[in-house]
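Reading through the structure tokens given below for one structure.
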There are 2 protein chains.
Amino acid sequence: MNPEGILLNIQKHVSLNEEEKAHLDTLFAIESFAKQHTILEQGRLCRKLFYVEKGSLRAFNGNQYGKESTIMFAIKDWWITDMYAFTNQTKALLSIETLEHCLLRSISFDVLEHLLLTMPKMERLFRILFQKAYVREQLRVLDNISLSTEERYLQFLSKYPQIAKKVTQKQIASYLGVTPEFLSSVKRK
Amino acid sequence: MNPEGILLNIQKHVSLNEEEKAHLDTLFAIESFAKQHTILEQGRLCRKLFYVEKGSLRAFNGNQYGKESTIMFAIKDWWITDMYAFTNQTKALLSIETLEHCLLRSISFDVLEHLLLTMPKMERLFRILFQKAYVREQLRVLDNISLSTEERYLQFLSKYPQIAKKVTQKQIASYLGVTPEFLSSVKRK
DNA sequence: AGGGTTTCTTAAACTATCTTAATCGTTCGT
DNA sequence: ACGAACGATTAAGATAGTTTAAGAAACCCT
């Protein structure tokens with residue numbers, strides 16, 4: 001068992017005994033993907049929730065004209081899926097692609113549902129994770145409706161410096177909701 | 001016990017026996033507020049989570065120039081607080097005001113923490129609620145970064161028709177992140 | 001290392017949105 | 001019922017952001 005990975009991270013929120021650790025370790029499959037691989041494609045059923053042990057990914061929505069909007073990036077120790085489609089087990093609104101070689105742990109919807117019903121500690125874990133995720137998204141909404149593009153760009157850099165190092169300007173622009181050309185002109189100043 | 005209120009709503013997500021219902025009923029205080037009352041003021045400590053039994057509210061952030069950005073509205077059966085400040089027990093980023101006379105149920109941070117630790121069903125309840133809230137905010141972020149003001153306005157009307165009836169244009173504009181003047185010109189078309 | 005591909009930058013013309021200010025209608029307190 | 005405050009609308013001029021296009025720079029791939 002890798003003491004640097006998912007189990008250690010889970011224990012930041014709930015305590016686990018050896019038996020529980022062993023059990024959880026069997027439930028999260030190990031998956032390895034090459035750079036630029038699409039692990040979820042918009043329109044397909046979203047069956048899995050992923051935890052990032054290594055690498056980085058991007059979740060985005062593409063509209064009918066080919067414009068992409070980046071909903072989130074994920075790096076080491078983040079969870080990622082199309083949570084809307086995963087929760088409702090419907091067609092994905094998002095595509096998720098690896099930005100580099102990735103080592104992920106995955107759990108299917110059914111296995112997770114069963115785990116939540118049988119292990120209260122996991123309800124607690126995900127309650128905490130979703131609570132934090134909700135707060136994070138709400139703060140992002142506030143940024144989106146109250147700040148200028150320049151302010152949002154600087155906020156992104158200071159909030160996620162590790163991500164900023166790994167992704168392109170174009171991807172940052174699509175996360176901020178502006179064109180790459182305009183982001184470039186904002187930076188020029 | 002009011003069978004139309006919070007207990008009935010909780011039971012949409014988890015089952016409760018009579019004893020549990022009675023217990024929960026004692027934990028959520030009943031609070032009544034007049035129209036236009038500020039139940040949380042930006043900068044103050046955020047101590048309570050509220051459930052709306054009756055009435056409607058608005059949570060917003062005001063910047064140093066007096067510009068307000070509406071983060072959320074809440075009507076019957078919604079939960080509301082400044083979740084960032086509540087979670088971290090720090091100064092509120094948001095103010096919350098009643099838009100009409102309100103009947104609320106409230107629970108303090110400490111009582112809720114204890115409840116979550118002692119009643120696994122409540123961890124499950126809030127896991128489900130936060131998961132839905134996360135998805136909702138993420139979809140709003142997607143709207144914000146990918147849609148035009150007109151599209152976001154129409155989306156708001158169709159998604160929250162009950163809210164649209166109760167709030168002013170100015171408040172809708174501050175929820176969409178545009179000026180009331182511009183929203184007015186968008187509608188004119 | 002070279003050729004093709006993608007990203008980044010710049011600029012000009014165009015569109016979306018804001019600011020300010022004036023007018024009008026509605027609400028609220030006394 | 002009255003005037004004062006507030007909300008909604010309109011319009012003109014200013015700023016923010018997009019589109020298109022082109023060249024320069026960085027990144028692959030073999």
Side-chain angles (χ1 to χ4, degrees), chain A residues 33-38 55-56 58 60 62-70 73 95 97-101 141 143-157 163-189, chain B residues 33-38 55-56 58 60-70 73 95 97-101 141-157 163-189:
Chain A
F33 296 100
K35 181 173 180 169
Q36 297 274 39
H37 183 80
T38 297
S56 54
R58 179 173 79 104
F60 61 95
N63 74 4
Q64 71 244 59
Y65 307 112
K67 179 184 154 196
E68 293 182 356
S69 300
T70 298
F73 297 105
S95 290
E97 66 179 17
T98 60
L99 299 176
E100 57 192 321
H101 174 264
V141 167
D143 282 358
N144 280 334
I145 67 178
S146 68
L147 301 182
S148 68
T149 297
E150 181 180 15
E151 288 168 322
R152 281 183 292 129
Y153 176 62
L154 296 174
Q155 179 112 24
F156 176 78
L157 293 185
I163 294 175
K165 276 185 291 189
K166 298 197 176 202
V167 306
T168 65
Q169 292 284 127
K170 193 182 166 188
Q171 289 165 344
I172 295 177
S174 84
Y175 178 92
L176 299 176
V178 298
T179 60
E181 293 84 355
F182 182 60
L183 179 56
S184 180
S185 85
V186 165
K187 285 175 58 186
R188 177 167 17 173
K189 292 194 346 179
Chain B
F33 296 100
K35 182 174 180 169
Q36 296 275 37
H37 183 80
T38 297
S56 53
R58 179 174 80 104
F60 61 94
N61 170 268
N63 74 5
Q64 71 245 59
Y65 306 111
K67 179 186 154 195
E68 292 182 356
S69 300
T70 297
F73 297 105
S95 290
E97 66 178 17
T98 60
L99 299 176
E100 56 192 323
H101 174 264
V141 167
L142 179 57
D143 283 357
N144 280 334
I145 67 178
S146 68
L147 301 182
S148 67
T149 297
E150 182 180 15
E151 289 169 322
R152 280 183 292 130
Y153 176 63
L154 296 174
Q155 179 111 24
F156 176 78
L157 293 185
I163 294 175
K165 276 184 291 188
K166 298 196 177 204
V167 305
T168 65
Q169 292 286 127
K170 193 181 166 189
Q171 289 165 344
I172 295 177
S174 84
Y175 178 92
L176 298 176
V178 298
T179 60
E181 293 85 354
F182 182 60
L183 179 56
S184 179
S185 85
V186 165
K187 284 175 58 186
R188 175 166 24 173
K189 292 195 345 177

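So you know, we letter chains A, B, ... as the sequences are listed, proteins then strands, and number each from 1.
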Exercise. Atom CG in A:Leu157, atom CD1 in A:Ile172: separation rounded to 0.5 Å?
Worked result: 6.0 Å

Problem set entry | Atom pair OG1/CZ of A:Thr38 and A:Arg58 - distance to nearest 0.5 Å |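 These two atoms lie 9.5 Å from each other.
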
Problem set entry | Minimum-distance pair of heavy atoms, taken over all atoms of B:Leu176 and B:Leu183 | CD1-CD1, 4.1 Å

Exercise. What's the shortest heavy-atom distance between B:Ile145 and A:Ser174, and which atoms?
Worked result: CD1-O, 3.7 Å

Exercise. How close or far is atom P of C:dT15 from atom CD of B:Glu151, stated in whole angstroms?
Worked result: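 In whole Å, C:dT15 P and B:Glu151 CD are 17 Å from each other.
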
For this session: Check every nucleotide of DNA chain D for an atom under 4.0 Å from a heavy-atom of chain B, then give the first and the last such nucleotide from 5' to 3'.
Result: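 The contact span of chain B on DNA chain D goes from D:dG7 to D:dA11.
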
For nucleotides 9-12 of chain C, tabulate all protein N/O to nucleotide N/O atom pairs closer than 3.5 Å, reporting atom names and distance.
{"residue": "C:dT9", "atom": "OP2", "partner": "A:Ser184", "partner atom": "OG", "Å": "3.2"}
{"residue": "C:dT9", "atom": "O5'", "partner": "A:Ser184", "partner atom": "OG", "Å": "3.3"}
{"residue": "C:dT10", "atom": "OP2", "partner": "A:Arg188", "partner atom": "NE", "Å": "3.4"}
{"residue": "C:dA11", "atom": "OP2", "partner": "A:Arg188", "partner atom": "NH1", "Å": "3.2"}

Seminar exercise, completed: A:Tyr175 meets the ring pair (Phe, Tyr, Trp, His ring centres under 6.0 Å) criterion, sequence neighbours left out, with A:Phe73, A:Phe156

Exercise. Who are the side chain to side chain contact (heavy atoms under 4.5 Å, CB included) partners of B:Thr149, not counting sequence neighbours?
Worked result: B:Arg152, B:Val178, B:Phe182, B:Val186

Exercise. B:Lys67: what forms a side chain to side chain contact (heavy atoms under 4.5 Å, CB included) with it, not counting sequence neighbours?
Worked result: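 Result, side chain to side chain contact (heavy atoms under 4.5 Å, CB included) vs B:Lys67: B:Asn63, B:Ser69.
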
Any protein N or O atoms within reach of nucleotides 23-29 of chain C? Criterion: under 3.5 Å, listing atom names and distances.
{"residue": "C:dC28", "atom": "OP1", "partner": "B:Lys35", "partner atom": "NZ", "Å": "3.4"}

For this session: Salt-bridge test for B:Lys35 and B:Glu97: reply yes if a basic N is under 4.0 Å from a carboxylate O, no otherwise.
Result: no

Problem set entry | Between the first and last five pairs of the helix from C:dA1-D:dT30 to C:dT30-D:dA1, the angle of the axes, rounded to 10 degrees | 70°

For this session: Please report the C-alpha distance between B:Ser148 and B:Glu151 in whole Å, then the side-chain angles of each, then the deciding distance to 0.1 Å, and finally whether the side-chain hydrogen bond (donor to acceptor under 3.5 Å, both in side chains) criterion is met.
Result: CA-CA 5 Å; B:Ser148 67; B:Glu151 289 169 322; 3.2 Å; yes

Seminar exercise, completed: Across all chains, not counting sequence neighbours, the side chain to side chain donor-acceptor pair (under 3.5 Å) partners of A:His37 are none

Exercise. Applying side chain to side chain donor-acceptor pair (under 3.5 Å), which residue pairs with at least one partner in residues 176-189 of chain B are found, sequence neighbours left out?
Worked result: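 Pairs touching residues 176-189 of chain B that pass the test: B:Glu150-B:Lys189, B:Gln169-B:Lys187.
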
Problem set entry | salt bridge (charged side-chain N to carboxylate O under 4.0 Å, His left out) partners of A:Glu100, counting only residues at least two apart | A:Lys166

Exercise. Using a cut-off of 4.0 Å on non-hydrogen atoms, how would the nucleic acid contact of B:Ser148 be classed: base, sugar-phosphate, or nothing?
Worked result: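 B:Ser148: no heavy atom of the nucleic acid under 4.0 Å.
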
For this session: For the pair B:Thr98 (side chain) and B:Gln36 (backbone), establish whether a donor and an acceptor sit closer than 3.5 Å, ignoring hydrogens and angles.
Result: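 Checked: pair present.
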
Exercise. B:Thr179 side chain N/O closer than 4.0 Å to the phosphate oxygens (OP1, OP2) of C:dC18?
Worked result: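 For C:dC18, OP1/OP2 do have a side-chain N/O of B:Thr179 under 4.0 Å.
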
